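Here the structure comes first, spelled out in structure tokens, and everything after it is commentary.
Remember, it's a predicted structure, so these values are computed and weren't measured experimentally. Basis for what follows: all heavy atoms, side chains included, without hydrogens, waters or symmetry-related copies.
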Amino acid sequence: MNSKLIDSLVQLIDSLEIEEYVLLQDKLQARIIQKTAGFCGGHACIRYTRIPVWTVISLQQQGADYQEIIQNFPGLTLMDLTAVQAYYETHKPEIDRAIAS
């Protein structure tokens, strides 16, 4: 790992204006959820995993909280789960159809 690069990035992020920081967060979040034809049936999945967004949302609808989901899927992060929730908010019909089927 290149710790100098990470430190430089942190300094750069710290120097952003609030609007720039929000834009950065939006762009990073958009990269977490991916849809790839022929991969997991084309469903939206969490970055480089085979965990579909609908699976996480379904677990939440059944009462699972973030901590329980992360315990069951140790490769996931809080940022992943935040991105899942944001994706769901803008793609409810798609995810609800996947859960129903």
Side-chain angles (χ1 to χ4, degrees):
M1 176 170 35
N2 187 338
S3 60
K4 287 183 181 182
L5 175 61
I6 300 300
D7 290 340
S8 295
L9 288 171
V10 169
Q11 287 178 339
L12 179 62
I13 291 168
D14 285 344
S15 71
L16 295 174
E17 297 292 329
I18 188 69
E19 296 85 9
E20 296 165 331
Y21 182 77
V22 169
L23 179 60
L24 173 64
Q25 290 297 320
D26 288 345
K27 289 190 176 281
L28 290 173
Q29 210 169 50
R31 295 184 63 154
I32 292 172
I33 306 301
Q34 303 167 343
K35 286 177 83 170
T36 305
F39 186 75
C40 287
H43 293 289
C45 291
I46 302 167
R47 59 166 179 80
Y48 312 115
T49 71
R50 292 186 175 270
I51 304 170
V53 168
W54 69 262
T55 299
V56 174
I57 295 299
S58 177
L59 290 170
Q60 288 176 327
Q61 290 174 346
Q62 295 172 54
D65 60 16
Y66 281 2
Q67 182 179 2
E68 185 177 356
I69 293 168
I70 288 173
Q71 285 174 340
N72 288 305
F73 299 97
L76 298 184
T77 66
L78 186 55
M79 189 169 191
D80 293 333
L81 298 181
T82 302
V84 164
Q85 195 62 45
Y87 186 88
Y88 179 59
E89 292 302 319
T90 58
H91 297 84
K92 278 186 180 187
E94 169 194 339
I95 301 304
D96 289 342
R97 273 193 309 273
I99 291 171
S101 66

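- Between the side chains of Gln62 and Ser58, a donor-acceptor pair is found at a separation under 3.5 Å.
- The line from CD1 of Ile69 to CD of Gln60 is 4.5 Å long, rounded to the nearest 0.5 Å.
- Counting heavy atoms of neighbouring residues, nucleotides and ligands inside a 6.0 Å radius, atom CZ of Phe39 exceeds 12 of them.
- At least one side-chain heavy atom of Thr77 sits under 4.5 Å from a side-chain heavy atom of Arg47.
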inquiry  = Run the side-chain contact (heavy atoms from CB on, under 4.5 Å) test on Ile57 and Tyr87 for me, step by step, so that the C-alpha distance in whole Å, both residues' side-chain angles and the decisive distance to 0.1 Å come before the verdict.
reply    = CA-CA 10 Å; Ile57 295 299; Tyr87 186 88; over 6 Å; no
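- Using a 4.5 Å heavy-atom threshold, the side chains of Met79 and Gln25 count as touching.
- Rounding to the nearest 0.5 Å places CG of Leu59 at 12.5 Å from OH of Tyr66.
- Counting all heavy atoms, side chain and backbone alike, Ser101 lies closest to Ala98 at OG-O, 3.1 Å.
- In this structure, CG on Leu81 lies 4.5 Å from CD1 on Ile70, to the nearest 0.5 angstrom.
- You'll find the side chain of Glu68 reaches within 4.5 Å of the side chain of Asn72, heavy atoms only.
- Linking ILVMFWY side-chain heavy atoms closer than 4.5 Å, directly or via other members, places Leu78 and Leu76 in a single hydrophobic cluster.
- Atom CD of Gln11 and atom CD1 of Ile13 lie 11.0 Å apart (nearest 0.5 Å).
- Between Lys35 and Val53, every side-chain heavy-atom pair lies at or beyond the 4.5 Å cut-off.
- Atom CZ in Arg31 sits 14.0 Å away from atom CG in Asp26 (nearest 0.5 Å).
- Note that CD of Gln85 is 10.5 Å distant from CD1 of Ile33, once rounded to the nearest 0.5 Å.
- With a 6.0 Å radius and a threshold of 12 heavy atoms from other residues, nucleotides or ligands, Glu89 has its CD atom above the threshold.
- Taking each heavy atom of Gly75 and Asp80 in turn, the nearest pair found is O-OD2, 4.0 Å.
- Looking at Trp54 and Glu94, their side chains never come closer than 4.5 Å, going by heavy atoms from C-beta outward.
- When the side chains of ILVMFWY residues are joined at heavy-atom separations under 4.5 Å, either directly or via intervening members, Ile32 and Leu9 end up in two distinct hydrophobic clusters.
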